[in-house]
Engineer: 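My questions all concern the structure below.
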Amino acid sequence: QVQLQESGPGLVKPWQTLSLTCTVSGISMSTVNYYWTWIRQPPGKGLEWMGVVSYSGSTYYSPSLKSRISIVRDTSKNQFMLQLLSVTPEDTAVYYCAASKRLILGATSENLFDSWGQGTQVTVSS
């Protein structure tokens with residue numbers, strides 16, 4: 001069973017870099033045809049797909065975030081990390097990592113993903 005756990009600071013100052021880690025257990029991130037996604041939900045809004053890294057290390061990002069986002073993986077630790085540059089209060093959200101057995105671009109329906117982390121609240125405030 002694939003399990004995911006997000007971790008990182010809960011408070012980030014404006015214009016700093018938001019960094020989160022998703023630790024994967026139950027499977028190697030390099031397992032063929034597994035994809036590792038970051039999704040967020042701002043307060044009072046719906047889920048927003050942010051980006052994905054594949055089992056082979058390929059990345060795909062939301063066009064709206066492409067200038068600020070980076071997703072990297074550390075296969076030695078079985079983790080993948082989200083970095084979001086120059087954050088503003090609009091980046092305040094619950095951030096989730098999720099796993100899927102196929103490449104999902106842009107969609108966030110829960111039933112499309114095989115596993116979700118519990119989510120971590122990140123607030124951008126001075």
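Computation of the quantities below employed the complete heavy-atom set of this structure, encompassing side-chain atoms and omitting hydrogens, waters and symmetry-equivalent molecules. The structure presented is a predicted model; accordingly, all values stated were derived computationally and were not measured.
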Engineer: Whether the side chain of R102 engages the backbone of L112 through a donor-acceptor N/O pair (distance < 3.5 Å, no angle test) should be reported.
Structural biologist: no

Engineer: Which atom pair, heavy atoms only, marks the closest approach of V87 to R68?
Structural biologist: CA-NH1, 3.8 Å

Engineer: State plainly whether one hydrophobic cluster holds both I39 and L103, where clusters connect Ile, Leu, Val, Met, Phe, Trp and Tyr through side-chain heavy atoms under 4.5 angstrom apart.
Structural biologist: yes

Engineer: Can you name the nearest heavy-atom pair linking T92 to Q121, along with the distance?
Structural biologist: CG2-NE2, 3.8 Å

Engineer: Evaluate the side-chain proximity of W36 to V2: yes if any heavy-atom separation is below 4.5 Å, no if none is.
Structural biologist: yes

Engineer: Answer yes or no: is there a donor N or O on one side and an acceptor on the other, between the side chain of S54 and the main chain of G57, under 3.5 Å?
Structural biologist: yes

Engineer: Answer whether the closest heavy-atom distance between the side chains of W15 and T88 falls below 4.5 Å.
Structural biologist: yes

Engineer: Might you point out which heavy atoms bring S126 and P14 nearest each other, and give the distance in Å?
Structural biologist: N-CD, 3.5 Å

Engineer: So W38 and I69, do their side chains get closer than 4.5 Å, heavy atoms only?
Structural biologist: no

Engineer: Would a single hydrophobic cluster contain both L84 and V53, if residues Ile, Leu, Val, Met, Phe, Trp and Tyr are joined by side-chain heavy-atom contacts under 4.5 Å?
Structural biologist: yes

Engineer: Taking side chain as C-beta onward, heavy atoms only, is I71 less than 4.5 Å from V52?
Structural biologist: no

Engineer: Among residues at least two apart in sequence or on other chains, which ones pass ring-ring contact (aromatic ring centres under 6.0 Å, His included) with W49?
Structural biologist: none

Engineer: May I ask whether V122 and M81 are part of the same hydrophobic cluster, defined by side-chain heavy atoms of I, L, V, M, F, W, Y residues being less than 4.5 angstrom apart, directly or through others?
Structural biologist: no

Engineer: Less than 3.5 Å apart, which donor and acceptor atoms pair up between the side chains of residues 18-35 and the rest of the protein, not counting sequence neighbours?
Structural biologist:
{"from": "T23", "atom 1": "OG1", "to": "Q79", "atom 2": "NE2", "distance (Å)": "3.1"}
{"from": "S28", "atom 1": "OG", "to": "S30", "atom 2": "N", "distance (Å)": "3.1"}
{"from": "T31", "atom 1": "OG1", "to": "S28", "atom 2": "O", "distance (Å)": "2.8"}

Engineer: Test of understanding: clusters of I, L, V, M, F, W, Y form through side-chain heavy atoms closer than 4.5 Å, transitively. Do Y96 and Y60 belong to the same one?
Structural biologist: yes

Engineer: Is there a continuous path of hydrophobic side-chain contacts, each under 4.5 Å between heavy atoms, that joins W116 to L105?
Structural biologist: yes

Engineer: Between K45 and Q41, which heavy-atom pair has the shortest distance, and what is it?
Structural biologist: O-NE2, 2.9 Å

Engineer: Taking all non-hydrogen atoms of both residues, which atom of A98 and which atom of F113 are closest, and how far apart?
Structural biologist: CB-CD2, 3.7 Å

Engineer: Using a 4.5 Å cut-off on heavy atoms from C-beta on, say whether the side chain of R40 contacts that of L82.
Structural biologist: no

Engineer: Closest approach of S64 and E48, non-hydrogen atoms and distance?
Structural biologist: OG-OE2, 3.9 Å

Engineer: When you measure from the side chain of Q118 to the backbone of Q5, do you find a donor-acceptor pair of N or O atoms at a distance under 3.5 Å?
Structural biologist: no

Engineer: Nearest 0.5 Å, please: how far is CD in Q16 from CG in D91?
Structural biologist: 12.5 Å

Engineer: Could you pull out all residues at least two apart from Y95 that satisfy ring-ring contact (aromatic ring centres under 6.0 Å, His included)?
Structural biologist: none

